[in-house]
2 protein chains.
Amino acid sequence: MDGVDTDWRSGAIVNPSIAEAESAIKRKIGSSIVVVAGSCSAEYEGRGSSSSTEGDKLLIVKPDGAVIVHGPKGFRPLNWQPSTSHIEISETGGEMLLKFVRRKPRETLLLRCRDVWFVAWIDSPEEGAYWMYLSEEDLREAIVRHPEELLGEKIRFYVKEKRTPAGRADIYGVDGQGRLAIVEVKRIRADERAVRQLEGYVREYSKNAAVRGILAAPDISEKARILLESLGLEFRRIDLKKAYKLVKRSKPKSVLDYLDST
Amino acid sequence: MDGVDTDWRSGAIVNPSIAEAESAIKRKIGSSIVVVAGSCSAEYEGRGSSSSTEGDKLLIVKPDGAVIVHGPKGFRPLNWQPSTSHIEISETGGEMLLKFVRRKPRETLLLRCRDVWFVAWIDSPEEGAYWMYLSEEDLREAIVRHPEELLGEKIRFYVKEKRTPAGRADIYGVDGQGRLAIVEVKRIRADERAVRQLEGYVREYSKNAAVRGILAAPDISEKARILLESLGLEFRRIDLKKAYKLVKRSKPKSVLDYLDST
DNA sequence: TCATATATGTCGCAC
DNA sequence: GTGCGACGTATATGA
């Protein structure tokens with residue numbers, strides 16, 4: 001074995017024996033991000049079932065119990081476990097067995113490693129602040145605040161995310177003619193599901209009065225458009241860049257607030 | 001620096017200087033799975049936008065151009081790139097910059113690393129065979145082949161995934177009384193969306209004749225059940241274990257075929 | 001805890 | 001390539 005182990009916040013051992021790998025993993029798991037590379041097979045049994053024969057695998061175990069197994073290709077893991085309630089590490093017949101169990105839903109992931117190429121770790125990893133912008137919530141906010149710019153007409157919105165028996169619609173308002181307008185917002189191209197959802201909300205209210213159903217999205221699929229028109233609903237194309245500028249201008253403090261708190 | 005570099009199929013250098021890290025990454029990228037741990041910030045701009053401030057990150061770059069950035073928590077990566085068309089590695093002001101560009105859609109991922117904890121790699125990684133079973137397709141197949149065992153009645157199915165203007169229903173058949181039966185299959189607990197979908201397909205056909213709409217799933221949410229009953233649709237609880245046994249028994253060769261071909 | 005809705009969703013398949 | 005629905009979807013949020 002050719003090993004390196006230090007007092008630093010991270011370390012690695014290269015080409016360890018199975019026993020050495022096992023000991024290092026046991027010592028580091030729970031408090032560190034542990035990365036194990038080796039020639040392993042994997043079996044998963046839970047909501048579905050999967051199996052992979054021996055091949056090079058990269059295993060990542062995080063302090064919060066997240067487990068990720070990557071193969072040589074693709075960005076999606078072969079197997080994973082969002083949170084693991086129980087971990088067993090053992091050795092049998094020159095193989096290292098790693099068993100990750102999750103309860104609710106009951107799932108088990110079993111790794112069987114014949115060779116370990118390296119074990120590496122980062123102790124007590126620190127998280128950076130993270131944010132995304134122009135979320136669907138931001139877009140809703142932009143439409144509520146700037147209906148004329150984004151929808152092309154004046155609508156006074158008086159409630160966001162109103163509940164109805166059929167579910168929850170995005171925003172409700174009153175248009176220039178005093179009619180109720182129900183607006184379903186999508187940050188991405190609207191599909192048939194969005195139309196059906198909107199239809200459900202509109203139907204709920206149209207029992208009592210005439211109601212406009214408006215689908216606001218940057219784009220709409222052809223099938224969704226046909227369905228929407230056949231149901232007497234309206235589509236408003238949203239300019240995301242415009243919305244982004246409006247949100248940025250109207251509440252730039254949201255990001256600053258976040259930065260200040262970190 | 002405390003480094004290890006060998007002739008083996010894998011290796012690692014621990015606590016390298018920025019220059020050493022850069023050189024190792026440049027040498028290994030493309031042919032190896034490269035794992036880099038360090039204190040980095042990341043910015044993504046493309047279909048969405050995200051930003052994370054300095055913190056411990058784990059970067060994985062695979063030979064096929066897949067890039068994955070993990071933080072200390074959760075099973076989902078902070079950032080990723082399914083395939084990268086262009087990679088730039090450089091050094092500025094004591095920081096290592098890693099820029100990953102993807103074309104179509106145009107996306108860029110920029111990592112800025114102030115410290116590198118380790119760089120590790122697996123050369124020419126080998127893939128094992130992989131398969132999954134009891135997918136939704138398997139379940140559909142099981143219902144088509146064994147309607148009596150799984151739905152509790154004889155239905156002769158004559159087409160799978162028929163297209164309708166409202167979309168695509170799972171399976172269509174004729175029941176004992178000669179009525180058209182449209183079956184929507186869900187491998188997991190059915191929700192309101194599933195009911196709405198089924199309703200759409202049924203409505204499409206009920207213009208011409210009486211049609212039964214059957215939702216087949218291992219479970220159904222309470223709200224979905226209420227909606228389903230109010231729409232005059234039916235629910236059939238599916239025993240997944242029974243379905244699994246039926247599929248395994250009826251076509252065990254699928255797995256064997258796969259094994260033979262590897 | 002359950003239910004709902006989003007996602008840089010991704011993936012696979014039909015057109 | 002686009003369109004569309006499934007996914008071991010995971011994840012956040014509200015009831």
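Naming: A, B, ... by sequence-line order, numbering from 1 per chain.
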Trainee: Check the distance between dT4(C)'s C1' and Ile226(B)'s CD1 and give it to me in whole angstrom.
Mentor: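 Distance check: Ile226(B) CD1 to dT4(C) C1' gives 15 Å.
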Trainee: Among dA6(D), dT8(C), dT6(C), which nucleotide sits nearest the side chain of Glu107(B)?
Mentor: dT8(C)
Trainee: Are side-chain heavy atoms of Leu58(B) and Val69(B) found at a separation under 4.5 Å?
Mentor: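 No. Closest side-chain heavy atoms not under 4.5 Å.
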Trainee: Working to the nearest 0.5 Å, report the span between CD1 of Ile182(A) and CZ of Arg212(A).
Mentor: 11.5 Å
Trainee: Send over the distance from Arg102(B) CZ to dG9(C) P, rounded to a whole Å.
Mentor: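 Rounded to the whole Å, the gap is 11 Å.
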Trainee: Given atom CG of Leu228(B) and atom P of dA3(C), what is their separation to the nearest angstrom?
Mentor: 15 Å
Trainee: Would you please name every residue forming a side-chain hydrogen bond (donor to acceptor under 3.5 Å, both in side chains) with Ser39(B), sequence neighbours left out?
Mentor: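 side-chain hydrogen bond (donor to acceptor under 3.5 Å, both in side chains) list for Ser39(B), sorted by chain: Glu54(B).
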Trainee: Does the side-chain ring of Tyr44(A) lie flat on the base of dG8(D), meaning centres under 5.5 Å and planes less than 30 degrees apart?
Mentor: yes
Trainee: Rounding to the closest angstrom, what is the interatomic distance between dT6(C) and dT10(C) at atom C1'?
Mentor: 14 Å
Trainee: Rounded to the nearest Å, what distance is computed from the CG atom of residue Leu198(A) to the C1' atom of nucleotide dT4(C)?
Mentor: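 The answer, rounded to whole Å, is 17 Å.
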Trainee: Can Lys62(A) and His70(B) be counted as having a side-chain donor-acceptor contact under 3.5 angstrom?
Mentor: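 Judged by distance alone, the side chains do pair up.
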Trainee: Using atom types as modelled and distance alone, determine if a side-chain donor or acceptor of Asp64(B) lies under 3.5 Å from a backbone N or O of Lys73(A).
Mentor: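 No, because the side chain of Asp64(B) does not come within donor-acceptor range (under 3.5 Å) of the backbone of Lys73(A).
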Trainee: In this structure, how many angstroms lie between the P atom of dC11(C) and the CH2 atom of Trp80(A), rounded?
Mentor: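 Going from Trp80(A) (CH2) to dC11(C) (P), I get 11 Å.
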Trainee: Where the side chain of Arg76(A) is concerned, which of dC11(C), dT8(C), dG8(D) is the nearest nucleotide?
Mentor: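 Shortest atom-to-atom distance from the side chain points to dC11(C).
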Trainee: Could you grab the distance from atom CH2 of Trp80(B) to atom CG of Leu109(B), nearest 0.5 Å is fine?
Mentor: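 Trp80(B) CH2 to Leu109(B) CG: 10.5 Å, rounded to 0.5 Å.
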Trainee: To the nearest Å, how far apart are Leu227(A) CG and dC4(D) C1'?
Mentor: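 Between C1' of dC4(D) and CG of Leu227(A): 13 Å.
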Trainee: Between Lys73(B) (NZ) and dT11(D) (C1'), how many Å, whole number?
Mentor: 13 Å
Trainee: For Leu78(B), which contact category applies under a 4.0 Å heavy-atom criterion: base, sugar-phosphate, or nothing?
Mentor: base
Trainee: Nearest of dA6(D), dG8(D), dA10(D) to any side-chain atom of Asn79(A)?
Mentor: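 Of the options given, the side chain of Asn79(A) lies nearest dG8(D).
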Trainee: Give the rounded distance in Å between these two atoms: CZ of Phe75(A) and P of dA10(D).
Mentor: 14 Å
Trainee: If a pair means Watson-Crick or G-U wobble with both distances below 3.5 Å, what does DNA chain C look like in dot-bracket form, with | marking bases paired to a different strand?
Mentor: |||||||.|||||||
Trainee: Can a donor-acceptor pair under 3.5 Å be found between the side-chain atoms of Gln81(A) and the base atoms of dG8(D)?
Mentor: yes
Trainee: Think Lys186(A) has a side-chain N or O under 4.0 angstrom from the OP1 or OP2 of dT6(C)?
Mentor: yes
Trainee: Looking at the side chain of Pro82(A), which of dT11(D), dT9(D), dT6(C) is the nearest nucleotide?
Mentor: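 For the Pro82(A) side chain, the nearest candidate turns out to be dT11(D).
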Trainee: Looking only at atom P, what distance separates dT8(C) and dT4(C), rounded to whole Å?
Mentor: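 Here dT8(C) and dT4(C) have their P atoms 22 Å from each other.
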Trainee: If I pick the P atom on dG8(D) and the same atom on dC4(D), what distance separates them, to the nearest angstrom?
Mentor: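 22 Å, rounded to whole Å.
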Trainee: Run the side-chain hydrogen bond (donor to acceptor under 3.5 Å, both in side chains) test against Arg102(B) and tell me which residues pass, sequence neighbours left out.
Mentor: Glu107(B)
Trainee: Do you know which of Ile29(A), Ile33(A), Val34(A), Ile122(A) makes side-chain contact (heavy atoms from CB on, under 4.5 Å) with Pro63(A)?
Mentor: Ile33(A)
